[in-house]
A.B. asks: 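This is the structure I have questions about; it appears just below.
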Amino acid sequence: MTPMSDNLLKDPSEAVATDALLNISGLQGWYGESHVLHNINLTVKKGELVTLLGRNGAGKTTTLKAIMGLLKARSGSIKFGDAELINKPAREIARLGIGYVPDSRGIFGSLSVMENLLLPPKIADGGFELSAIYELFPNLKERLDSYGNKLSGGEQQMLSIARILRTGARFILLDEPTEGLAPVIIQQIGHTVRRLKAAGYTILMVEQNFHFARKLADRHYIVQEGQVVDEFHNNEIEANLEKIQGYLGI
Amino acid sequence: MFELLGIPPQALFGQVLLGLINGSFYAVLSLGLAVIFGLLNIINFAHGALYMMGAFVSWILLKFLGVPFWFALALSPLIVGACGVLIERTMLRPLHELDHLYSLLLTFGLTLVITGVFQYSYGVSGKPYPIPDILSGGVNLGFMYLPKYRAFIIVMSMLICFSTWFLIEKTRLGAYLRAATENPEMVSAFGINVPILVTLTYGFGVALAAFAGVLAAPIYSVNPVMGNDLIIVVFAVIVIGGMGSILGAIISGFSLGLVEGLTKVFYPEASTTIIFIIMALVLLFKPSGIFGREA
């Protein structure tokens, strides 16, 4: 068992803040027989950008899958607004206004870019219009007739984000948006994420790239062996740099 | 009158027409199988029995309720399709997580049960189903005599194949279907009800089989085993076209019917085996089928 940091417990009232949009407590999760999430506790407030940091295999992606309902063997509590998600199937969770951008990007290779873009149904008003999406991702507009499997990694990532923006979901689970991408593309993704935050989107992001994460996020949770072990506000990063680097092994 | 390689044109065109009619049934049936295999990953062995049910239901509708052909053409696929929905919900769904082999065995068993029930109830002799008045008779095209109903079969099946292709390749619903074929988990994460999509797809594939059955009723004898021989050929057709390929099922359905017809003219001895010979060749040189994607 990894010891809990004092940082997590110093202000318990904050953890159950009434303005929390997402409130996860005591989340456990399993892949078949193997127990992968042991005790995930975290909150995300409306309009916040929160990251999950941690080494490979710590349970970050699994946490996002558990929220989305794609990890079915899970227990504990995941409150989104007033709704309890722990027993809901993925399709109902999506309808509550949660958009999922998986680390695999989830682009359908046998569908054109346009079809991929239009695939997720609108679930609420206030999503991006196609013209706004083309303005945000000019490359996609050039490739509307291409098939998904012909896109570069960066284009797939942009398409994966773009199609969620159309739906009107205001809470986005963003899994490793920079993984395997060239620096210039990472910059573009960073720019996009910043714009979404400015537009009032709430984002829970998993990221291996700590330098990318610290430029964008409000808060960071450290995940280790299926537990949230520490938490830092972005302005505490500098003071705790060594500790964080220890957690992440960098 | 001209002759081609010593074959009189009447015989040649007659066989071409017959080949196209057989091809029409191959195409509609293998299309249904391809739709089902694409999304459910199930080899629907019961397809021949459901085709037979389609023919029988239209015969029952006519004989006992006086429902004419034109209504049966819509009603029978709906009724049999509803049976398909029931089969998927109650029997196939629990096998979803298991190996293909289980659903293959289940649908094979269903074939025996359905065939048995109809044999027990109606005997093995063929039931007559009249050609609707407006389509009886034919027209003389000069080089051949074209029975109206047979032309109707070819036109209807081409229409249904094109509509299905359009629905799957060009519409939003079809995009859901293709996306769910590729990655059902991701589709459900967009808020789409994939289990219902699966059930309706199976029902639709089954309805296609029943539709072929209604078309067949006036020209083949309606009997409980009418699907048995046909389904074997249809399986060969989808292996040749490529499992799960919509376009492959349609094109290879029509063209193999045609090849079969032509073989009857030029080398009748091989007419019943030609499709299987082609299947063996395709499996040797392109195991995923002519239109199939490489695994």
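Keep in mind the model is a prediction, meaning the values are calculated, not measured. Residue numbers start from 1 in every chain, and the chains themselves are labelled A, B, ... in the order their sequence lines are given, proteins ahead of strands. Computed over heavy atoms, backbone and side chain alike; hydrogens, waters and symmetry mates excluded.
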A.B. asks: Enter the distance from A:Arg105:CZ to B:Met186:CE here, rounded to the nearest 0.5 Å.
C.D. replies: 12.5 Å

A.B. asks: Counting heavy-atom pairs under 4.5 Å with chain B, which one of A:Gly148, A:Pro102, A:Pro121 comes out on top?
C.D. replies: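 Sorted descending by pairs with chain B, the first entry is A:Pro121.
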
A.B. asks: How close do B:Glu182 and A:Gly109 get, counting heavy atoms only, and between which atoms?
C.D. replies: OE2-N, 2.6 Å

A.B. asks: List the atom of B:Arg172, the atom of A:Leu118, and the distance in Å for their closest heavy-atom pair.
C.D. replies: NH1-O, 3.3 Å

A.B. asks: Are more than 12 heavy atoms, taken from residues, nucleotides or ligands other than B:His96, located less than 6.0 Å from that residue's NE2 atom?
C.D. replies: no

A.B. asks: Nearest 0.5 Å, please: how far is OG in B:Ser188 from CD in A:Glu92?
C.D. replies: 11.5 Å

A.B. asks: If you count heavy atoms of other groups shown closer than 6.0 angstrom to CZ of B:Phe166, is the number above 12?
C.D. replies: no

A.B. asks: Which atoms of A:Leu173 come close to chain B, meaning under 4.5 Å heavy atom to heavy atom: side chain ones, backbone ones, both, or neither?
C.D. replies: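 A:Leu173 has no heavy atom closer than 4.5 Å to chain B.
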
A.B. asks: How long is the straight-line distance from CD of B:Glu169 back to CD of A:Glu115, given to the nearest 0.5 Å?
C.D. replies: 8.0 Å

A.B. asks: Within a reach of under 6.0 Å around CG of B:Asp99, are more than 12 heavy atoms found that belong to other residues, nucleotides or ligands?
C.D. replies: yes

A.B. asks: Looking at A:Leu111 and B:Ala175, what are the two nearest heavy atoms and their distance?
C.D. replies: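 Between these two residues, the closest heavy atoms are CD2-O, 3.8 Å.
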
A.B. asks: Determine whether more than 12 heavy atoms belonging to other residues, nucleotides or ligands lie under 6.0 Å from atom CG of B:Asp229.
C.D. replies: no

A.B. asks: With a 4.5 angstrom heavy-atom cut-off, is it the side chain or the backbone of A:Ile164 that approaches chain B, or both, or neither?
C.D. replies: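 Only the side chain of A:Ile164 comes within 4.5 Å of chain B.
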
A.B. asks: Should we count CZ of B:Phe276 as having more than 12 external heavy atoms under 6.0 Å?
C.D. replies: yes

A.B. asks: So B:Phe190 and A:Leu119, do their side chains get closer than 4.5 Å, heavy atoms only?
C.D. replies: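 In contact.
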
A.B. asks: Crowded around B:Asn41 CG? As in, over 12 foreign heavy atoms under 6.0 Å?
C.D. replies: yes

A.B. asks: Could you tell me which non-hydrogen atom of A:Ala94 sits nearest to which non-hydrogen atom of B:Ala189, and how far apart they are?
C.D. replies: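 Where A:Ala94 meets B:Ala189 most closely, the heavy atoms are CB-O, 3.2 Å.
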
A.B. asks: Rounded to the nearest 0.5 Å, what's the gap from OG on A:Ser104 to CD on B:Glu185? Could you check?
C.D. replies: 9.0 Å

A.B. asks: With a cut-off of 6.0 Å (strictly less than), are more than 12 heavy atoms of other residues, nucleotides or ligands near OH of A:Tyr134?
C.D. replies: yes

A.B. asks: Would you check if the side chain of A:Arg91 reaches a backbone N or O of B:Ile192 as a donor-acceptor pair within less than 3.5 Å?
C.D. replies: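 The answer is no, because no donor-acceptor pair under 3.5 Å joins these two groups.
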
